[in-house]
Amino acid sequence: EPEVTQTPSHQVTQMGQEVILRCVPISNHLYFYWYRQILGQKVEFLVSFYNNEISEKSEIFDDQFSVERPDGSNFTLKIRSTKLEDSAMYFCASTPRRGGNTEAFFGQGTRLTVV
Amino acid sequence: AQKITQTQPGMFVQEKEAVTLDCTYDTSDQSYGLFWYKQPSSGEMIFLIYQGSYDEQNATEGRYSLNFQKARKSANLVISASQLGDSAMYFCAMREVWNYGQNFVFGPGTRLSVLP
């Protein structure tokens with residue numbers, strides 16, 4: 001069964017450093033998403049991406065964040081200068097289309113720890 | 001305003017019994033989708049069940065069913081014959097569709113503990 005894959009599964013970084021979280025969405029999917037889940041809290045939307053551009057972003061997704069689909073398969077989330085409060089689980093998700101009865105397919109997540 | 005409300009932060013159920021996890025939502029859209037996801041302690045998000053706003057019948061998937069009451073804007077998840085492996089966080093989510101994309105808005109979750 002096709003799946004969304006994320007690497008790394010766990011990343012530890014020093015405050016102020018840049019991190020790139022990587023995702024490979026399901027190959028025939030067209031819409032891609034990043035979500036964040038601070039430990040024990042709700043799943044929060046960061047950004048959605050379609051047709052090689054951001055289609056929507058939340059207030060959390062400020063200038064420190066950027067997304068890219070560099071080569072047609074990978075979908076990356078970059079945090080330029082990490083803060084302690086960026087420590088969270090980051091989920092990538094994809095859907096084949098907009099609307100309909102299809103769920104969002106989630107990756108297994110990357111746990112980011114900023115020290 | 002919170003769009004998805006899950007009023008039960010934690011629930012306990014005895015193994016083999018049924019349990020209902022509550023979810024209410026707020027939307028002015030006529031067409032929308034409601035989803036339930038399970039998040040075990042390992043952290044991944046597992047899709048369980050979907051209900052479309054125009055579906056006339058309640059969705060069912062194995063031991064999972066959705067008690068959809070559109071007028072009350074509620075979409076409660078019913079798990080029958082609970083198993084120890086059902087212990088997890090459960091999230092209700094609603095899909096919002098925009099002109100160029102969509103988003104899945106999640107509720108705060110309910111932690112279910114199944115007791116032997």
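In what follows, every chain begins at residue 1, and chains take the letters A, B, ... in the order their sequences are listed. All values derive from a computational prediction rather than experimental measurement. Excluded from the calculations below are hydrogen atoms, water molecules and symmetry mates; all remaining heavy atoms, backbone and side chain alike, are included.
Few gaps surround NZ on B:K73; more than 12 heavy atoms of other groups in view lie less than 6.0 Å from it. Counted within 6.0 Å of CD on B:Q57, heavy atoms from surrounding residues, nucleotides or ligands total 12 or fewer; the atom is thus considered open. Within a 6.0 Å sphere centred on CG of A:L84, other residues, nucleotides and ligands contribute more than 12 heavy atoms. Atom NZ of B:K16 is surrounded by 12 or fewer heavy atoms from other residues, nucleotides or ligands within 6.0 Å.
At a threshold of 4.5 Å between non-hydrogen side-chain atoms, the residues B:R95 and A:T95 do not count as touching. With contacts defined as side-chain heavy-atom distances shorter than 4.5 Å, the pair B:Q39/A:F106 does not qualify. Side-chain contact between A:F45 and B:E96 is absent, with no heavy atoms from C-beta onward closer than 4.5 Å.
Note on B:M11 and B:L77: same hydrophobic cluster, where clusters join Ile, Leu, Val, Met, Phe, Trp and Tyr whose side-chain heavy atoms are under 4.5 Å apart, directly or indirectly. Criterion: ILVMFWY side-chain heavy atoms under 4.5 Å apart, direct or through other members. Under it, B:V13 and B:I79 are part of a common hydrophobic cluster. Both B:Y50 and B:F106 are part of a single hydrophobic cluster, where members link through side-chain heavy atoms under 4.5 Å apart. Residues A:Y90 and A:I60 share a hydrophobic cluster, clusters being chains of Ile/Leu/Val/Met/Phe/Trp/Tyr side chains in contact below 4.5 Å. One hydrophobic cluster, built from ILVMFWY side chains closer than 4.5 Å, holds both B:L21 and B:M94.
With a 4.5 angstrom heavy-atom cutoff, B:Y37 touches chain A only via side-chain atoms. Of the two parts of A:T102, only the backbone, made up of N, CA, C and O, holds a non-hydrogen atom closer than 4.5 Å to a non-hydrogen atom of chain B. Proximity to chain B (any heavy atom under 4.5 Å) is shown, for A:E44, by neither the backbone nor the side chain. With a 4.5 angstrom heavy-atom cutoff, A:R97 touches chain B only via backbone atoms.
Of all heavy-atom pairs spanning B:F35 and A:E103, the tightest one is CE2-CA, 3.4 Å.
Residues B:F104 and A:Y35 place their aromatic rings such that the two centres sit no closer than 6.0 Å.
Interface remark: of the candidates B:N103, B:D55, B:V105, B:V97, B:N103 forms the most heavy-atom pairs closer than 4.5 Å to chain A. Top candidate by heavy-atom pairs under 4.5 Å with chain A, chosen from B:G52, B:G43, B:A93, is B:G43.
Of the possible polar contacts, none joining the A:Q108 side chain to the B:E44 backbone as a donor-acceptor pair under 3.5 Å is found.
Summarising the geometry, atom CE belonging to B:M45 is positioned 10.0 Å from atom CE belonging to A:M89; distances are rounded to the nearest 0.5 Å.
A:Y50 and B:Q102 are not linked by any side-chain donor-acceptor pair at a separation below 3.5 angstrom, with hydrogens and angles left out of the test.
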